[in-house]
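Note that this is a predicted model, so its numbers are computed, not measured. In what follows, chains are A, B, ... by sequence order, proteins preceding strands, each numbered from 1.
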Number of protein chains: 2
Amino acid sequence: MADVARLAGVAISTVSRALANPGRVNAKTRAKIDAAAKQLGYTPNAMARGLRIGKSNIIMIILPGSLHYGASQIIPQVLQSINRSLIQGGHNLMIANLDRDEVSERHILDLAFGGTVRGAIILSSKLPEVDGRSLANAGFPIVSMLLDMSDAGFPSVVTNDREAVRDATAELIRLGHRRFLYIAGPEGNYHDVERYGGVVEALDQAGLTAEAVRRSGGNLDYQHGFEIGVQAASDFARLTDKPTAVIATSDDMAISFVSCVQRTGLSIPEDLSVVSFDGSPVCEFCSPSLSTIEQPVDEMGQAAVAILLGATGQMENGPATRTVIRSKLILRESMAGPKS
Amino acid sequence: MADVARLAGVAISTVSRALANPGRVNAKTRAKIDAAAKQLGYTPNAMARGLRIGKSNIIMIILPGSLHYGASQIIPQVLQSINRSLIQGGHNLMIANLDRDEVSERHILDLAFGGTVRGAIILSSKLPEVDGRSLANAGFPIVSMLLDMSDAGFPSVVTNDREAVRDATAELIRLGHRRFLYIAGPEGNYHDVERYGGVVEALDQAGLTAEAVRRSGGNLDYQHGFEIGVQAASDFARLTDKPTAVIATSDDMAISFVSCVQRTGLSIPEDLSVVSFDGSPVCEFCSPSLSTIEQPVDEMGQAAVAILLGATGQMENGPATRTVIRSKLILRESMAGPKS
DNA sequence: CGCGCTATAGCAAACGATTGCCAAAAATCG
DNA sequence: CGATTTTTGGCAATCGTTTGCTATAGCGCG
């Protein structure tokens, strides 16, 4: 920076002001300084600035568990959308995995308390807490995405899981279905609770009871969607009084489920209608093409970033906001009326 | 840190030594210091340390173009594997997108020259270069993954694209196929060149000429795999003297291609065999299940990280290494002998 | 010409660690 | 117990910025 100042014939403090706070310096000198910086190939040191200012421009996204094999289809879209929004404001995205071990928790806490990151977007309901250090109550800006954690005090950006599934189920009922199979995510998980709730609500409204729906799954994480679908298919094979429609909580589940039941000779949608959640692009190219509930991932990412950057610091007062962005049911071949 | 020193009853310099260089301090005092740090919930400031040391512990991955909708299936696995490897050594992963605009190039250069990141893993053949600042010749540690850029001086971790496709094609020939359709990635792209080269080599070895293979695609990026497959299907419909086997350069292409041709009444593998590249988990659950060439993403990620961290600084001398990790052909239903 | 304003210079103190130095203290050993 | 080695203490410089302060320079304006 001293070199730039010398070359531009101005003082160091002026260079600093020109770069950090362009408003407070005359346009002409600013031009001189920019030219000098460019000529010297100067880039301000981010760590020195961060140290002085007391904040970084890095946001981390905390992903639950490992994204391993068969990761939930929407994660890449989530990353993409968040990253794009962040970059517009000159911020950067760092990835953090929250596994169920102390090492990863400690790692995340270090990132937060060590000042490396300025805030976090969380996709996990559990927050790291080790040795008395806790992310939750550190005044550290956090926004929850996909999961509604507004009750826990975190601004949340979610989609209308319950409603969307309710509508999809209602559509199945309208088509004439009366017996359902629900393929569940992990027991107690927010999405699972909401989505199953949606199913039951739709049944209610149609004068049916929860008896009309059987459950499969519940023991595995969303990351194992394909396995869950396979299990569900074998559960299905054992059912008497077979359901005529299936509601899966992720596209992966639906895809492997469909694949398995087709092998047993059933055809979709003639014997069985299927609808699932996520809106993965691949659903369009399955046979039959799969109806799915498309999550507005882009908008959610944008909203989460906007809230996080806007809210830096001013949390704590008043209840946390909850931003809901509606999902959209995409109707495809996998849904039709029951045979008889 | 001063507080920790006071509480532990030692000097600040001792605390620093205990935390940064545990070897040079007695086990007993170290325990005292750790206890004090824990009690106070102390986390060393990463930016201050980074500033003083002159390096950060952040590695960035530079992704080509946007990962947008229908992203190449393996990117999440790549991120996951790299992140896992990094974390073991106390490093962190930052995501950088290299779009074809100056803004994103400048952004990446700022990250590198501003000292925010310590090195980069690139998945893109083009490197940012703006205003005379260039990533390529900055002594900045870079490792290329998926693309072989060892000729350009970057250590590269790749799979044996050419060989793997050659073997897959040879297998198709062995099954009796003599006319092929090749669904291409973007013209001139490393993967496309290699993979197509593999096809031609296999033909050669079987005494066939390149006449035996038609090409489709070539105008779109891998991100648009589904579209490419759709196009390829319509190209296929127009072909006379139809190929009996299809080699696609990504799973996405194969999936949408299969979906489209099935709708025209063809059945796979009876009328047409299909094999593709990537090894996406979803291939197992397509109907028919798709043969695919599985990339060893995990091993490649680990290797890339190891090289990057090991090689910090010591580039430049000698030719860049090229690490090849073999892909594996997974045989599934989509490959069979031709009908007649 | 003097007044008020804005823009810049120059100085110095931070930000929170690391590290070299030397001396003092403690531990180890024969 | 004396000699030697290992550990600490205390000090101060340093990393590259930002920012508050005062003083000066320049400019427009009545």
Side-chain angles (χ1 to χ4, degrees), chain A residues 1-37 40-58 90 109-118 133 138, chain B residues 1-37 40-58 90 92 109-118 133 138 313:
Chain A
M1 196 152 130
D3 296 342
V4 175
R6 204 173 313 123
L7 180 58
V10 300
I12 296 185
S13 46
T14 306
V15 175
S16 175
R17 275 184 274 264
L19 266 39
N21 205 343
R24 297 227 52 75
V25 59
N26 189 313
K28 234 170 58 189
T29 36
R30 199 186 330 141
K32 261 195 319 199
I33 292 172
D34 286 348
L40 293 176
Y42 166 77
T43 308
N45 183 297
M47 293 199 286
R49 165 181 262 157
L51 174 58
R52 178 58 224 248
I53 307 284
K55 54 181 67 159
S56 87
N57 61 355
I58 303 177
L109 289 167
D110 286 349
L111 251 24
F113 287 94
T116 303
V117 306
R118 181 211 196 96
R133 295 186 305 173
Chain B
M1 194 152 131
D3 295 343
V4 175
R6 204 173 312 125
L7 181 58
V10 300
I12 294 184
S13 45
T14 306
V15 175
S16 175
R17 274 185 277 263
L19 265 38
N21 204 344
R24 298 227 53 74
V25 59
N26 190 312
K28 233 172 59 191
T29 37
R30 196 179 339 134
K32 258 193 321 196
I33 291 173
D34 287 347
L40 294 175
Y42 166 77
T43 308
N45 183 298
M47 294 199 286
R49 164 181 259 156
L51 175 61
R52 177 59 224 247
I53 306 284
K55 53 181 67 159
S56 87
N57 61 355
I58 303 178
N92 293 103
L109 289 167
D110 286 349
L111 251 25
F113 287 95
T116 304
V117 306
R118 181 210 196 95
R133 296 185 304 174

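Between the two ends of the helix from C/dC1-D/dG30 to C/dG30-D/dC1, each summarised by a five-pair axis, the helix axis turns through 10° (rounded to 10 degrees).
One interatomic measurement links the two molecules: CE of B/Met1 to C1' of C/dC15, which rounds to 14 Å at whole-angstrom precision. Put simply, CG on B/Leu19 is 14 Å from P on D/dT8, counting in whole angstrom units. Taking atom CG of B/Asp110 as the reference point, atom P of D/dT17 lies 12 Å away to the nearest angstrom. Between the C1' atom of C/dA9 and the NZ atom of A/Lys32 lies a distance of 12 Å, rounded to the nearest Å. The distance between atom CE of A/Met47 and atom C1' of D/dT14, rounded to the nearest whole Å, is 14 Å. The distance from atom CD1 of A/Ile53 to atom P of C/dC15 is 13 Å, rounded to the nearest whole Å. In this structure, the CZ atom of B/Arg52 is 6 Å from the C1' atom of D/dC15, given to the nearest Å. At whole-Å resolution of the value, CG in B/Leu51 and P in C/dC15 are 14 Å apart.
For the atom pair CG of A/Asn45 and OG1 of B/Thr116, the computed distance is 7.5 Å after rounding to the nearest 0.5 Å. Atom CE in B/Met1 sits 13.0 Å away from atom CG in B/Leu40 (nearest 0.5 Å).
Heavy atoms of A/Gly9 sit under 4.0 angstrom from primed sugar atoms or phosphate atoms, though from no base atom.
Considering only side-chain atoms of B/Thr29, the nucleotide from C/dA17, D/dT8, C/dC15 that sits closest is D/dT8. Looking at the side chain of A/Ser13, the nearest of the listed nucleotides D/dT8, C/dG10, C/dT19 is C/dG10. Of the candidates D/dG9, C/dA17, C/dA9, the closest approach to any side-chain atom of A/Arg17 belongs to C/dA9.
A heavy-atom distance below 4.5 Å is found between the side chains of A/Thr43 and B/Arg133.
Contact detail for A/Thr29 and A/Asn26: the closest heavy-atom pair is OG1-O, 3.0 Å. Considering all non-hydrogen atoms of both residues, B/Val15 and B/Ile33 come closest at CA-CD1, 3.9 Å.
Side-chain N/O atoms of B/Arg49 include one lying less than 4.0 angstrom from OP1 or OP2 on C/dT18. Side-chain nitrogen and oxygen atoms of A/Thr14 include at least one within less than 4.0 Å of the OP1 or OP2 phosphate oxygen of C/dA9. Considering only side-chain N and O atoms, B/Tyr42 lies nowhere under 4.0 angstrom from the phosphate OP1 or OP2 of C/dG16. The phosphate of C/dA17 has neither OP1 nor OP2 within less than 4.0 Å of any side-chain N or O from B/Ser16.
Sequence order on DNA chain C of the closest nucleotides to B/Asn26 and B/Ala48 puts B/Ala48 first from the 5' end.
A donor-acceptor pair under 3.5 Å is formed between the side chain of A/Asn57 and the backbone N or O of A/Gly90. B/Arg118 contributes no side-chain N or O that, together with a main-chain N or O of B/Ile58, makes up a donor-acceptor pair within less than 3.5 Å.
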